[in-house]
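What follows is a single structure, written as structure tokens, with notes after it.
In this text the structure is predicted, and so the values were computed from the model without any measurement. Just so we're on the same page: letters track the sequence lines, and every chain starts at 1.
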Amino acid sequence: MERRDVSSWNTVLSGLVELGRYDEAFELFGDMRDSGVAADRFSLSPLLAAAAEGFGLQEGAAVHALSLKSGLEMDLSVGNALIGFYAEHGDSVEDAVDVFQRMPVKDVVSWTGLLHGYMEFGLVDMALDVFDRMPERNFVTYNAVLTGFCQNKEGVRVTFARKSGLRGLGLFRQMVEDGLEISDVTVTGVLNACAIAADRKMSEQVHTFVIKCGCSSTPWIDAALIDMCIKCGRSGDAHLLFEQWRHEESLHIAWNSLLVASFKDGEYEKAISTFLKMFRSNDVQFIDEFILTTVLGVCGALGFAELGKQMHSFAAKSGFLSAQGVGNAIISMYGKCGALETAVDVFKRMPCRDLVSWNALITSHLLHRQGDEILELWSQIERLPIKPDSITFLLVISSCSYTSSNSTDKCRELFLSMSSTHGIKPSVEHYAAFVYVLGCWGHFEEAEQLIGKMPLKPSVLVWRSLLDSCNRRPNMTMRRLAMKHLLALEPQDPSTYVLTSNLYSESARWQSSESTRLKMREMGMRKIPAKSWTFHGNSIHSFFARDRSHPQSKDIYAGLDVLILDCMKAGYEPDTTFVLHDVEEYQKRHFLMYHSVKLAAMYGLLMTGHGETIRVVKNIRMCGDCHSFMEYTSAATGKEILVRDSGGFHIFRGGKCSCRE
DNA sequence: CTAGGGTTAG
């Protein structure tokens with residue numbers, strides 16, 4: 001065969017990468033080396049792209065090693081590509097910094113890549129420092145700063161969010177003044193930065209400025225505007241923008257923006273009503289695979305099986321069932337609605353399963369605490385040419401708390417194999433999950449050692465896991481240890497306050513408990529209000545504790561009083577330790593009896609026919625007394641009650657719960 | 001070569 005030159009190899013190489021055929025790209029590269037052709041500066045960037053998209057840090061580092069050997073690392077474009085790779089996939093920003101520092105000649109691309117790296121690792125101030133120090137900036141540099149502000153949208157602190165919005169607006173003004181190229185990236189970046197600031201005034205300012213500087217209205221910009229308006233409390237303006245949507249051919253983007261904005265804010269019922277408006281109007285023609293996946297996600301979050309099922313058949317009729325995302329969302333929806341068998345069935349019938357499908361299936365089993373089944377699924381994955389990711393590991397590690405026999409050995413093996421054989425660095429979440437497993441099986445000593453030697457700072461999550469595991473294996477020493485750290489780490493966090501308050505309450509130290517709650521109120525914190533809901537007549541009926549707003553609340557309270565007596569006759573004893581207020585015993589009992597789960601379940605009992613299962617969803621974990629009450633209720637009424645709380649499903653049948661806790 | 005836009009898995 002004729003010997004090809006390096007440039008023809010490179011052409012095929014980048015072609016494969018463009019097509020997303022990363023494995024083949026690496027294979028071809030192997031062939032290239034076998035045939036004695038040395039890689040040049042143009043071979044390495046497609047390989048780095050392949051490593052970035054299809055593999056991970058290991059492959060990228062291998063390409064890096066190669067460039068070191070061939071002396072290509074000092075090449076400007078190779079160095080820039082390496083910085084770009086490490087900025088996204090490095091262990092830490094130092095990987096990118098190292099390359100940057102070794103480069104003899106740097107240009108604006110090198111500097112921008114470094115800046116991007118700092119942003120990716122959440123080091124905003126360092127990134128801004130680079131921005132100030134760099135000798136030259138172009139519009140990509142500005143855009144990198146802007147988009148950096150919008151990362152980690154969730155859990156952003158208020159002060160930081162505000163700052164990002166202001167800085168974003170400042171940068172945007174400067175870009176306009178300096179005559180830099182303004183693209184969709186710029187405008188959506190500024191809008192997103194202001195959206196996370198959730199500041200009405202700021203959003204109006206930006207809105208005006210965007211119009212004034214004549215940025216053309218594109219679907220992306222208008223979608224970002226709608227999103228920003230909703231997040232800044234201007235839903236009227238959002239709907240106005242929606243009605244004036246000019247990009248007819250892309251109306252589905254506008255619909256989805258509305259839906260996603262409500263979904264991400266936890267306003268599920270609002271998202272549903274928005275969707276139904278679309279579903280029942282002429283705009284039904286604009287429903288596409290993205291909208292369907294969003295809606296299925298909302299149905300899952302709500303546990304709204306009826307609508308979820310309708311969406312499943314709609315997807316089948318409209319031909320969207322073959323879309324990978326839709327199929328995956330359907331599995332997840334059924335899993336979260338308690339229809340595990342249907343989820344499994346959909347999974348099995350899927351023509352093509354990707355990692356997300358597997359993760360969704362595992363999640364469905366995890367919600368039902370089926371640890372053994374998940375370990376079986378894991379052994380199937382191991383035999384397939386599918387690469388588990390950090391989410392898969394998080395799920396499988398967590399499943400070890402719910403196996404029929406002690407699976408800490410298996411769990412330890414999984415945890416260690418993450419970095420040793422799969423090249424995935426365990427995150428704080430993985431440590432927290434492992435700690436929970438160890439605690440659940442009573443291996444507190446190992447849990448403590450693990451926390452002691454973890455390379456990451458043990459976050460609230462880790463201590464919270466240790467504390468939670470003490471509910472399965474009571475251990476006062478560990479409880480105290482976890483509490484101590486939680487208080488030190490996040491004294492201002494509402495949930496920590498509630499925890500401390502609860503701990504005090506349990507030891508009957510009412511004074512301290514009440515003063516904690518008072519302090520919490522002073523600091524303007526609220527705990528997430530407990531809420532439960534159930535379904536009837538294709539609509540959602542939700543309840544807060546002691547809620548009397550439901551039109552049938554008279555019947556609900558009367559029914560509940562009768563049921564309580566029946567249950568007490570059968571041996572149910574209200575456990576008022578779950579009432580965390582310093583009130584007289586009879587008042588405590590009153591508080592306890594009208595917790596939201598009890599109200600929603602009672603409504604379900606009133607409305608559900610013979611042989612039908614009652615389904616209740618609660619936004620946080622239900623308390624021990626509600627749990628015990630549901631057990632008695634299932635025996636007293638002979639009905640099956642399914643409750644999903646933040647810990648998973650509880651199936652109450654004949655006086656027993658499936659959770660074995 | 002450096003910047004991202006509506007979706008699904010925690």
Specify the separation, in whole Å, of atom CG of A/Asn143 and atom P of B/dG4. 9 Å
Within the pair A/Lys264 and B/dT7, is there a side-chain N or O less than 4.0 Å away from OP1 or OP2? yes
With a 4.0 Å cut-off on N to O distance, would you call A/Lys231 and A/Asp227 a salt bridge? yes
When you get a sec, tell me which of B/dA3, B/dA9, B/dT2 is the closest nucleotide to the side chain of A/Val185? B/dA3
With heavy atoms under 4.0 Å as the rule, sort A/Glu181 into base, sugar-phosphate or nothing. nothing
B/dT2 C1' sits how many Å from A/His89 NE2, rounded? 14 Å
A/Asp468 meets the salt bridge (Lys or Arg N to Asp or Glu O under 4.0 Å) criterion, sequence neighbours left out, with none
Among the candidates B/dT8, B/dG4, B/dT7, find the nucleotide nearest to the side-chain atoms of A/Asn256. B/dT7
Syn or anti for B/dG5, with syn set at within 90° of 0? syn
In numerical order, the residues of residues 290-304 of chain A whose heavy atoms come under 4.0 Å of DNA chain B are A/Phe290, A/Thr293, A/Thr294
Using a 4.0 Å heavy-atom cut-off, does A/Lys336 contact any base of the nucleic acid, only the sugar-phosphate backbone, or nothing at all? sugar-phosphate
Please state how far atom CD1 in A/Ile330 lies from atom P in B/dT7, giving the value in whole angstrom units. 18 Å
Per atom distances to the A/Asp184 side chain, the nearest of B/dA3, B/dG10, B/dG4 is B/dG4
Per atom distances to the A/Ile391 side chain, the nearest of B/dT2, B/dT8, B/dG10 is B/dG10
Look at the side-chain N and O atoms of A/Thr363 and state whether any lies under 4.0 Å from the OP1 or OP2 oxygen of B/dG10. yes
Could you list the residues that satisfy salt bridge (Lys or Arg N to Asp or Glu O under 4.0 Å) with A/Glu429, not counting sequence neighbours? none
Side-chain contact check for A/Val140: nearest option of B/dA9, B/dG6, B/dA3 is B/dA3
In terms of side-chain heavy atoms of A/Phe263, which of B/dC1, B/dT8, B/dA3 is nearest? B/dT8
Minimum heavy-atom distance between A/Cys194 and A/Cys232, given as atom pair plus value: O-SG, 3.7 Å
Report which part of the nucleic acid A/Leu395 touches: base, sugar-phosphate, or nothing (heavy-atom distance under 4.0 Å, all strands). sugar-phosphate
For A/Arg349, does the CZ atom sit with more than 12 other heavy atoms under 6.0 Å from it, leaving out its own atoms? no
The criterion is salt bridge (Lys or Arg N to Asp or Glu O under 4.0 Å); which residues satisfy it with A/Arg167, sequence neighbours excluded? A/Asp125
Can you sort out the partners of A/His247 under ring pair (Phe, Tyr, Trp, His ring centres under 6.0 Å), two or more places apart, ordered by chain and number? A/Trp245
Touch check for A/Tyr142, heavy atoms < 4.0 angstrom, all strands: base, sugar-phosphate only, or nothing? nothing
If you measure from the Lys or Arg side-chain nitrogens to the Asp or Glu carboxylate oxygens, is any gap between A/Asp75 and A/Arg41 under 4.0 Å? yes
Taking NE2 from A/His247 and P from B/dG6, how many angstroms apart are they, rounded to a whole number? 14 Å
Find the distance A/Glu249:CD to B/dG6:P and express it as a whole number of Å. 17 Å
Pick base, sugar-phosphate or nothing for A/Thr147, based on heavy-atom distances below 4.0 Å to the nucleic acid. sugar-phosphate
Which part of the nucleic acid does A/Asp288 contact within heavy-atom distance under 4.0 Å: base, sugar-phosphate only, or nothing? base
Please give, in whole Å, the distance from B/dG4 C1' to A/His116 NE2? 10 Å
Looking at B/dC1, B/dG6, B/dA3, which one has an atom nearest to any side-chain atom of A/Asn80? B/dC1
With sequence neighbours excluded, residues passing salt bridge (Lys or Arg N to Asp or Glu O under 4.0 Å) with A/Asp132: none
Over how many whole Å does the gap from A/Phe85 atom CZ to B/dT2 atom P extend? 13 Å
Taking atom P of B/dG10 as reference, at what distance in whole Å does atom CD1 of A/Ile374 sit? 12 Å
